[in-house]
Each structure stands twice: as structure tokens, then as C-alpha cells.
Amino acid sequence: MTAPFDVAIIGGGVNGTGTARDCAMRGMRTVLVEKGDFSSGTSWASSGMIHGGIRYLQYDREVTRSSCIDSGYIQRIAPHLIFRIPFLYSVLPGDRYSLDLMEVALEAYDRYQPLKGGKPHTRLSTKEALTIEPGLNPDIRGALTFDEWGIDVPRLCFLNALSAIEHGAEVRNHTEVIGFLWDAEAVAGLRVRDLRSGKEESIEARVVLNVAGPWADRVAQMAGCRVPLRLGKGIHIVFDRRISSVAITAEAIDGRGIFVMPHENWSLIGTTDDDYYGDPDRQRVTRDEVEYLLEGVARTFPGVRRHRMIRVTSALRPTLYAWGRYEDALSRRHEVFDHAVTDGVEGMLSMAGGKLASYREMSEHAANGIARKIGNSSPSRTHLEPLPGGDGQVDVEALAESTGLPGFAVCRAAYRHGSRAAAVLAPITEKPEEGEEVCVCEPVTRAEVRHAIRNEQASTIGDLFFRTRLAAGPCQGMGCALRAAEILADELGIDALAAHRLLRGFLERQWQNRSPVLEGDQVVQEELLRATFFLALGIGWAVQGESL
Amino acid sequence: MKAGEVEADVLVIGGGFAGAVAALTATERGERVTVISRAYGATALSSGAFDMISTGVGEGAFEPALLSPEHPEIALEQLFRRNPFHPYAVLTEGLGEQRTEVLLGCFDACGLWLNDCLRDAGFAAWGRARETQAVPTQAGTWRLTQCSAESVRSADFFALGDEHLIVIGIEGLAGFDAAFVVDSLRHILRRDGGARGVDLAKRIKPAVIGLRAESGLARMEPFALASRLEEPPVAEALVRKLKALGSRGGATRFVFPPVLGIDGHPVLLERIRSDLGVEAAETLSAPPHSTHGLRLQRALARALESAGVGFSPAAVKDFDADSGGVCSVQAETHDGPMTFRAKRFVLASGSYLGGGLKADPTMREPLFSLPLFVRGREVEAVDIREVLRPRFFEAQPAFSVGVRVDSDMRPVDAWGKVIYENLYAAGSILADYDPIAERCGMGVALITGYRAGGGSLTDGPPAKA
């Protein structure tokens, strides 16, 4: 008797969804489970770049080369989802690398740029650099430019999941692995629990792939295996708007390279890289981490402290284990573990390491490993077939005309949905109220929120944030979280009290992301947000007996 | 008095609820008062509820309000034991066992008096400290409070008889989903409302009317719609559409989103009552479109004007003081810098929202550099992130930081010594209470504003002439 699935994938990050897509496209019967939402772990909190990895040039040219090739593929399969980010590398007196030395590195990098459609570097005088970016420290000795690509990672993950679904896979978020099924000494599937309903069930599969990122070792241990990892914590600071025209690199106090970068409607400062020994589910961002980044960026971009920080992102890199190296010097290579070889357990593979920009290639490697186990000989086609929405252009003006939406709102929807944007926004033509901007900051229309719930497996406000960037703006959900909960109630058929619970859960989780950078104008916003939910909406308040 | 100078007996810094109450109190005591206000603050964003104190709701603390009456006297007694620095405790120091009674009485007396001041200015609220109200919100919760705007109080669960309620949705109106509101109100009624609740749940229904064409609004934002509804043809259309509903549903009371006019809301509410023979109520309002707050703020301005209080839109920049206390403040007005001299100064500049406190990231009081306190301790040069607690839905020390005062409302230092003999503070700039999580912001603003304006807790407010 054969199991209903060829492969069961644990983890809905970029590697899990990428591998699910690859397997499904090769005709394997595929199922994926993710305990949170797609991309909600390490993928989401990455820098959101499909870069070539210039920093890896100095010790791992192969990583740079393969990243650049893959970056080129991603531009072809998801052209709507990527955006060019020009970088300014400026040098201050006392910096670790001089302009000349960096230019040598960039000349080397230029050789890889054509692989990813990037422009060659240029060298700028101090005056030219200050013209492009007036906020730079006027003491800079000049600057170099180089070219990278940015991407909306949650969309990338979901589009991989959606493509997998369209190729026949079953993909479930909010579903946690609680154990394994065994056939003698071999893994034969998963025991899973739906975290919303509490319902448990068995999923039989011929092979299990563990791509649970920072949780990979914990998952492997449930099957008596190990995935040797050295977790590296990385945080980003998020600003309410784009605070510079281009991305700017800077040097942190320890000489590490960091950056401030415009990304969609935000700017990000990133990133830290620190060994992490705690519970992956209980990361807390510290003031030291925030100050480390601000201090480093302020040296090159002095105005940074005047801008408004709205939140942080934080995640753990599932880096391959190595002793005796600084965090920064750890390889970004990835590895597929066959636990039959490493632990004597048949039927289970794990993959760890790597970086966002190489996800497609990594997924191909993992799928190759699975294919070998089950005797599937189809080649990978993930670099050839476009992701959903990546197969055509959108006429933004015509869509603005037919929906009556502002051009900016249409542009954002077209960015997220590519050629499928017209279908997502189509209900507005019949019912203008579906064009209401539920989230005014981003903006996100009611039609798109409904689409995410109906067709994109969004069942919490957090899921809607990942699908649409609802509540990503400076008000942090004050204006839209209740409306999102109401639409969820309407679409999912849950009662109002359950919708209130979704609302409280979202606010509670977002507080963890807001509080590490709460200061200045954002304190005013936070006070208003509290007043809105406690006093005006009566969603919940503290108990009297609790002391201040 | 020189050009560019204003002289008054009392100068109030801050034109929100606490500042306006202080100004009105001092005026009625025969003093010449001037209010300086930089901009609208928290009052203009307030919900329409005037809370005195929350008794807490036990195990269901993080569920929407449980529908049982609160006992403010128990809450106050717990509070006096738990937090001796709370403004209610500080105000009533030395009153011994009477302190609870005095505070409850003061809330009611001040409330009545203020209502008299505001009624002519076009705003009315209703409530008593010992009579809990449960009023609906835009999220469909029943929110417990002691006092609320008159239209809100008209939907108080505890005061409703055998009413048939229709919650009116307006097509395309952002932030108000009538079906959701009704579903939520019904669930809470059935779960927490006892036999009366179960009964009322059967008699509450949603209905949606369209006003897009009549209002001429492409985007149905609450303030825009509220303004349009003051125009007779739009009000006419509303009444016409309601008539169609009323005859169908047998409704005795309509519950609207808070959009029935801004300054003209009493007229529109009265029109609905008289034309339809049906009571009209509104839910509380939520930022950023807090209609009740905007109405209150505008009515306060009119009340100050008719009481003869001077009003200056200005931002305080600096001050002068000598051994007798504060002599003057310098402020930036539309006509350039001005000096304001007074015998007494009342600082009612609010918390972070009003600009009375800053956290950049060190917490400070920007006008007089007054020392700040929380939990009875001074917080000197402390980063706000050091006083954050791990959960959103709990009281936050960071939002309880403020100025510590003596029982006359004068800011004091860590040793309890008055800093400036003639400087008083009121409202949310005060230390050691979380106006949001403890649900007592309006009550503290009312009583401390009254006290800082020179009112006596035991004598009761001056009778309105």
C-alpha cells in the first residue's frame, strides 16, 4: 500500500514553500505544514533582498556566483515582485576598507552583475554622493555605487505555496508537527495539530523533509535525529517611511557592514548577527541591539535618529554549525542532510543553512534529494515557469480607471499580484464599497483583503499583514485591525467574539515588535493606539489588582 | 501691561478637558483666566465615555466587558491600599475614611456643574459615579463606564427597558459594520447579560441604509459624513430612509455610528426623535475619527468663551521664576512671541499625546523641567523602554509616568517639597495612574482640573449662576 503523499514538508518559509513548488511541479504528491503563517519566521525577518552576496566574495565566491545566477532566475519568474535598490558605499576616515580597496571588490562583483541584471558599479566624488543623498555625513571621502534587488518576502513565500497548490500540492499554515509516524525504523509521515481548531491527524508520506529553519533541530529531535545548527540572531529596525533615496552602507562599531535601505514603503536598518542560545519562540529584541545599529548608521547618515522608528523584525539564521569562527564569518552555504546516513533513520531529510537569495537553488537541491528517495526522475523547472502573477504586465492606468481607485493603490496591488491584480480588484467594478481602503497606510482595499482570506489561506490579522502588508504603516493597525477582524468574521463565518480574540492576539504580538523601539513620536502613536482599543473599542483592559 | 503681554489671575497651559475644567472653575470663583493651547490633544480624540474608575473584571479581564454593574467604592478602596500615589489618593490625603465618599460625591457634583456649563455650548453628558452604564462601541462591545455623552447613554444596557433596537449601518462608512456590531452585542448579552441580556439579544437587529448619493461623498469618512448630515437636505434624506425602516421593524430606538452631526448634533438627534417618534443613540467613537471627542473639545472652547475666559492659541517656549514662584511664561503665538503673566499657573498640558511629556527617548517634562515619577520613585534621565511591561493589554508604567503633586495639586520634588508655590498641575500629566488601562482618565481630569482651578473637594462646585 502506498502513502497518500510522496513527500511531507515541515516549514513554510521560503525553502519549504520553494521545495513544495519544485516537488509538485515534478509531479510528486506533496503536502506542506507550517506552524505559523508562511514566511512568518526567518524568511520574513530577512533583509528582503535577492542580492548577489557581495560580502561573500572575500571567502566564498561560489556562493556569490550561484546567488547571482539565482537572482537572475527570480527576476524572470517573478518580475512584478522585485525592485531595484541602488546602494551607496561611502567611506569615512578610519573605516576598515578604503574606497580603492572596495572598488577592487566591486570590480570583481561587476563580473557577476550581468547574471542578475545588475548595473556595474560607479565611483562618486563626495559632492556627487551628497547630491544623490544629502543626508550623508559630509566628511565622507567619496562613494561607490552598486546594484541589488529587493523583494517582498512574504509574497515570495506565498506565491511559491500558491504555485505548489496549483500543481496539486496540499499546503497548510497554522499546523504544527507534534510527532512522526513510523514504519519499523523508518519515518512514514507526520502527526500534526491544527493550532486553530486543536484537531490532530496523521499525514502519511514516503519521505519527510524538515526545513523548519531555526526549529529544524527541535523537529529532527522528535524523530531521534539531529540537525547541527549555530543559530544567529539578526534584527532590523523599521522606519515609518523611506528615509533615504538609496540604500546606504555603514560600518558598525565592531567594523561589521550594516545598511539603511528603502524597502517598499519603509526603510530598514540591518542587521545584527549574534549567537543565540535561547528558545526560538521567545526572542526579545534588546536596546543594545537597536543602539548598535543606530550608532553605526548615524556615523554615515547622521539624521537617522530624527526619524520615526515603528517596529523591529527579529529572526534566527539557521546557520550550519561551526566552531571557532565569528558569527559574521560563518558560511552561508547550505546542506541537505539524509538522516539515513547521519542518524540511521530512513525516510527523512533536513536542509539548513543558506540564504534567502539562493532559496530556489536550495529548494531544487532538496527536491533532488527527495526525488532520489522516491525514484522520481523529472528535472526541476522552477527557474523556467513564472510564479503566479509573474507571467504578464498590468495596465495600471486602465485598472485605476475601471476600479476608480487611486493610482497608488492600484500600483501596490499590481506589485503584490502581478498579472492577477485585475482579477483581485475586479469585485470593485461591481461593488464600489469593495474598494474601501481598509488599511489606509499601505493602502489595502477590502477586495484584496477578501481575496487573501478566500484564496490565500489568510485566517488571522497577522496572515493578512503578511499577504497584503495591512497594518504595516505608522499607525500599526489602529485604523485597520478592527476592520480586518470584521472581514475575517464575515468571510470565515466566525462569531464576533472570536474576531475580538484575533484582534487581541494581533495587538499582543505586535507589541513585542513595537516596544523595543518605542520612543519619540511613536510614543504618541502608541498612546493613541492603546486608547483606541482599551477605551474607545473596549477590547480589553488590565485588571485592577495588577500593580503598576 | 506692555504690548505683547497678557496678564491674568490664572494662566492655564493646555486647553483639553482638565485645563478647561480648571479655567471654568477659577472663572466662577471670580478670577480672570487665560488659557494657552498649542493644538487639540487627547480630549479631541476621546471616546464619549467619562470614566471615573474601573473595578476590573476579574478573570475575564481580557474579554470584552462583562455586563455587570461596577462598584466604584470598592475599586477606590482597593486603589487607596494599592497605590498611595494615585491622583485620587493624593487628592484625598487626610480625609480618612471619608475619602471614598468625598471623591464619589465630587465626581457627581463636578459632573453636574460641568454639564450646566456645557449644555449651552451644545454638549451634554449624563452619569453618576454609582450608576454603572454599559454603552455600545464601534467594535460591538458593551463598555462599562460611569458617565457618557447623552446620545451614547441613550443606549445604556442597564437603562434600557423593553426596547427594540436597530443598529444602523451606513453603506460604505469606514469603520462601522452594523452586522458585526449586532453579532458582537448579542453574544455578550447572552453570555454576560443574565435574563435581561438574553431577552434584549432577541430585540436587537442591524439595518443598513445608503447615503452615498445624498451626501455626495465619494469616501464616507466619519467626520465628512457628520458634517454633511448637518445640511438640511442630507438630514432630510436620513430621516426619510429611517422612516422606511421604522415602520418595518417596529424599532423603538436606533443606534447609530457616531456621525449624527458635529456642532449641530443636538438638533439632528432631536429631529430624529420628534419626526420618527424613536429614540436616537450613538455608539462611542474611536480615533482617528472620534466625533464625541471633537464635539466635546469644540463645546469646551465655546463654554470658555461665554464664561469670559481668554484663549490664546500658542506654544509655550520658556518661563521666568523667582523665589515666589513662576512669574511669567513666554509663548509663540500667531502674532509672534508673547509674555503671559499671572498669579497662578495651571499646567494641564497632557501626557505624550498632548505634548505634556516627551520621551526622546529619555522621559521629561519639557516646559518647566519638572521631575517625573512612577510608582512613587523619581525617574531621572530614564529611557522610556526601561519602564515597559511585556504585554500590550496590561497597565504600563511608561504611560503612568508624570508629575507628582501635593494635595493642592502643586508639583513636588522627590522629598515632597513644592517646586513653585504658584504652579499647579492637572489631568494626564500627573504621575502614577494609567488613564487608559485603569479607565479613570476623564474622572481624574475632571476632579484634578477642578481642584487645580481652586475648587474645594468638600464644599462642592460653585452653583452655576
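The sequence lines fix the lettering, A, B, ..., with proteins before strands; numbering per chain opens at 1.
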Which region of Glu171(B), side chain (C-beta onward) or backbone (N, CA, C, O), has a non-hydrogen atom less than 4.5 Å from a non-hydrogen atom of chain A, or is it both or neither?
-> neither
Side-chain donor-acceptor contact under 3.5 Å, Glu442(A) with Asn265(A) | yes
Chain B contact via Glu436(A) - side chain, backbone, both or neither, heavy atoms under 4.5 Å | side chain
Before accepting this row, confirm whether a basic side-chain N of the pair Arg287(A)/Glu295(A) lies closer than 4.0 Å to the acidic partner's carboxylate O.
-> no
Side chain, backbone, both or neither of Glu434(A) within contact of chain B (heavy atoms, under 4.5 Å) | neither
List the steps, then state whether ring-ring contact (aromatic ring centres under 6.0 Å, His included) holds for Phe533(A) with His500(A).
-> CA-CA 11 Å; Phe533(A) 289 100; His500(A) 288 146; over 10 Å; no
After noting the C-alpha distance and the side-chain angles of Ser351(B) and Phe399(B), does the key distance pass the side-chain contact (heavy atoms from CB on, under 4.5 Å) rule?
-> CA-CA 8 Å; Ser351(B) 56; Phe399(B) 294 98; over 6 Å; no
Give the member of Glu433(A), Met478(A), Gln522(A) that has the highest number of heavy-atom pairs under 4.5 Å with chain B.
-> Met478(A)
Ignoring hydrogens and angles, tell me if any N or O in the side chain of Arg311(A) forms a donor-acceptor pair with the backbone of Gln510(A) under 3.5 Å.
-> no
Heavy-atom check, side chain of Arg143(B) versus side chain of Leu284(B), under 4.5 Å = yes
Ion pair present between Arg530(A) and Asp434(B), side-chain N to carboxylate O less than 4.0 angstrom?
-> yes
Who wins among Glu519(A), Arg483(A), Glu486(A) for the most heavy-atom pairs under 4.5 Å with chain B?
-> Glu486(A)
With a 4.5 Å cut-off on heavy-atom pairs, point out which of Gln525(A), Glu437(A), Arg509(A) contacts chain B the most.
-> Glu437(A)
Ala489(A), part contacting chain B, at a heavy-atom distance under 4.5 Å | side chain
Where does Leu353(B) contact chain A at under 4.5 Å (heavy atoms): side chain, backbone, both or neither?
-> both
Option that, when pairs with chain A are counted at under 4.5 Å, heavy atom only, ranks first among Gly175(B), Ala179(B), Gly354(B), Ala49(B) = Gly175(B)
Are Asp360(B) and Lys358(B) ion-paired here, with the side-chain N under 4.0 Å from a carboxylate O?
-> no
Heavy-atom distances under 4.5 Å only: say whether Arg186(B) touches chain A with side chain, backbone, both or neither.
-> neither
Proximity breakdown for Leu528(A) and chain B, heavy-atom pairs closer than 4.5 Å | both
May I ask you to name which of Val517(A), Val438(A), Thr532(A), Asp490(A) has the most heavy-atom pairs under 4.5 Å with chain B?
-> Thr532(A)
Interface check, chain A: of Pro361(B), Ala286(B), Pro287(B), most non-hydrogen pairs under 4.5 Å belong to Pro287(B)
Is the gap between the ring centers of Phe80(B) and Tyr88(B) under 6.0 Å?
-> no
Below 4.5 Å from any heavy atom of chain B, which atoms of Arg514(A) appear? Answer side chain, backbone, both or neither.
-> side chain
Between Leu357(B), Val387(B), Ile384(B), Asp383(B), which residue shows the highest count of heavy-atom pairs closer than 4.5 Å to chain A?
-> Asp383(B)
Which of Ala174(B), Gly172(B), Pro288(B) touches chain A most, by non-hydrogen pairs under 4.5 Å = Ala174(B)
Under 4.5 Å heavy-atom distance to chain A, tell me which part of Ala359(B) shows up: side chain, backbone, both or neither.
-> both
Within 45° of the six-membered ring axis of Phe393(B) and under 6.0 Å from that ring's centre, is NZ or CZ of Arg391(B) located there?
-> no
Taking 4.0 angstrom as the limit, do Lys233(A) and Glu289(A) come out as a salt bridge?
-> yes
